[in-house]
Protein chains: 2
Amino acid sequence: MTSNAFSGFYHKHRQEILYGVSLALLLFLLRWLELRFLILDHIIEIYVGAIALLFTGLGIWLAHKLTTPKVETRIVEREVFVTAGGEFTVNEGERMRLGISQRELEVLQLVAQGLSNQEVAERLFVSLNTVKTHSSRIFEKLEVRSRTQAVERARRLRLIA
Amino acid sequence: MTSNAFSGFYHKHRQEILYGVSLALLLFLLRWLELRFLILDHIIEIYVGAIALLFTGLGIWLAHKLTTPKVETRIVEREVFVTAGGEFTVNEGERMRLGISQRELEVLQLVAQGLSNQEVAERLFVSLNTVKTHSSRIFEKLEVRSRTQAVERARRLRLIA
DNA sequence: TTTCGCGTCATACTTTCGGGTGATTTAGCG
DNA sequence: CGCTAAATCACCCGAAAGTATGACGCGAAA
C-alpha cells in the first residue's frame, strides 16, 4: 500500500523530485568547492558565471519538459463520404402513423446528432426534465428502450436523415 | 544608414542583446555585492542559491521566448458525395488512420445496432468491463464522449453501415 | 530480450439515462 | 363551456453508461 502510494507520488512528481535532488547535490558540491575558492577568491566571477550558465541551461531544460508546447494550427481538409442520393424528406406518413409530434421529432433529430439530454435542453431552451419526457414518449412510440435504438429505428423509418 | 543597420540588427537580436546586457549588469552587481560577502562569507550558499534560482527563471523565460511553436494539424471535414447506393464497404483507410482495431470496430458495429454494453458483452462472449474498455478507446479515437456521437461519427466516416 | 499494441478483466467512482408518476398551461375543437 | 392533445416541468430511483486507473497475457516487432 505505502509502496504503491509512494510509487504513485513519485511518478506524478518525478520532475520536481529530480530537480530538487539535483539542486541539493549541486549546492553540496559547491560548498565543497568553496574551500578552494576561498583561497583564490578573485575567481569568483568565473564561478558565478558558471553557475549562471548552468542554471540557465537547467531552466531551459525545465521549461522544455514542463510547459505545454505552443501550437500553431494548420488546417488540412479531408473528404468525408456522405451517401447523398438526393434531398432528405421526412417520412410524414410514418410520423403521423406513429403519432410523433413535431417537437418530439426535433428532440429526436438532436439526439441523433449525438447531443446529451442536457445539451438538447439547452438547444431548445427547455428544461432537462422536458427533454426526458419527450424522449420517453419517443421511445414508447418507436417501441425502443434507448436513444441509440431510437436513432437506429428512426433512420430506418426515414424519420431523420 | 548606419542607424538603420543598427536598428535592424537590434530588432533581429533583441533577445540576445538584452540577455547579454542583463547578464553583464548582474555580474557587475554581484561584483559590488561581493565586498559585503567577503565579510560575512558564510552566507555564500544563500548567494549561490539566489543566483541559481534567478538564472533558472531566466532560462525558463528564454525557453518560452525562443521555442519554435509546434504545428498541430487540424483536420476539417469536407463532404464528398458518393453515388454508391449499393453495398457498403468499410473505409479501411480511415480505420487505419484512426488506429481503430478490428475488435473495436466489432463493438462499434453492435453499439450502432442499438445494443447495450451488456448485450454486446454477451454477443462477443466477453465481460461487461471489456466492452466498456473497448468503447472508451473508441470514444477517444473518434474524439467523442458518448455512444450516440460515436455512431454518428462512424457513419460519416463510413466505418459502419 | 525488451518493447509495444491488443485484448482481456477489475474496482471504484461520477454522470447520464430512462421509467414512473403527477402537475400546470396553452391551444384547438365540438 | 368542457374536453383533449401537446408542451412544459418536477421529484424520485434504479440501471446503464462513461471515467480513471491498474493489471495480466500474448504475439509481433525492434
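Naming: A, B, ... by sequence-line order, numbering from 1 per chain.
Between B:L142 atom CG and D:dG18 atom C1' the separation is 15 Å, expressed in whole Å. In this structure, B:M96 atom CE and C:dC6 atom C1' are separated by 14 Å, rounded to whole Å. Atom CD of A:Q102 is separated from atom P of C:dG28 by 15 Å (rounded to the nearest Å). Straight-line distance from the CD atom of B:Q149 to the P atom of D:dA17: 16 Å, rounded to whole Å. Rounding to whole angstrom units, CD of residue B:E106 and P of C:dG7 are separated by 9 Å. Atom CD of A:E122 and atom P of D:dC9 are 13 Å apart (whole Å).
Donor-acceptor pairing under 3.5 Å is lacking for the side chains of A:Q109 and A:Q113. B:S127 and B:T130 share a donor-acceptor pair across their side chains, judged by distance under 3.5 Å alone.
In this structure, B:T130 and B:K141 both approach DNA chain C, and ranking their closest nucleotides by distance from the 5' end singles out B:K141. Toward the 5' end of DNA chain C, the nearer of the two residues B:N129 and B:R103, judged by each one's closest nucleotide, is B:R103.
Of the candidate nucleotides C:dG7, D:dA10, C:dC9, C:dG7 has the atom lying nearest to any side-chain atom of B:H134.
No path of Ile, Leu, Val, Met, Phe, Trp and Tyr side chains, each step under 4.5 Å between heavy atoms, connects A:L128 with A:V107, placing them in separate hydrophobic clusters.
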Tabulate protein N/O versus nucleotide N/O from nucleotides 14-22 of chain C, keeping only pairs under 3.5 Å, one per line.
unit_1 : atom_1 : unit_2 : atom_2 : d
C:dC17 : OP1    : A:N117 : N      : 3.3
C:dC17 : OP2    : A:N117 : N      : 3.2
C:dG18 : OP1    : A:R147 : N      : 2.7
C:dG18 : OP2    : A:R147 : NH1    : 2.8
C:dG18 : O6     : A:K132 : NZ     : 3.0

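Here the side chains of A:N117 and A:R147 are in contact, with some heavy-atom distance below 4.5 Å.
Annotation for B:H134 and B:R103: closest pair NE2-CG, 3.7 Å, computed over non-hydrogen atoms. Here the closest heavy-atom approach between residue A:L142 and residue A:A154 is recorded as CD1-CB, 4.5 Å.
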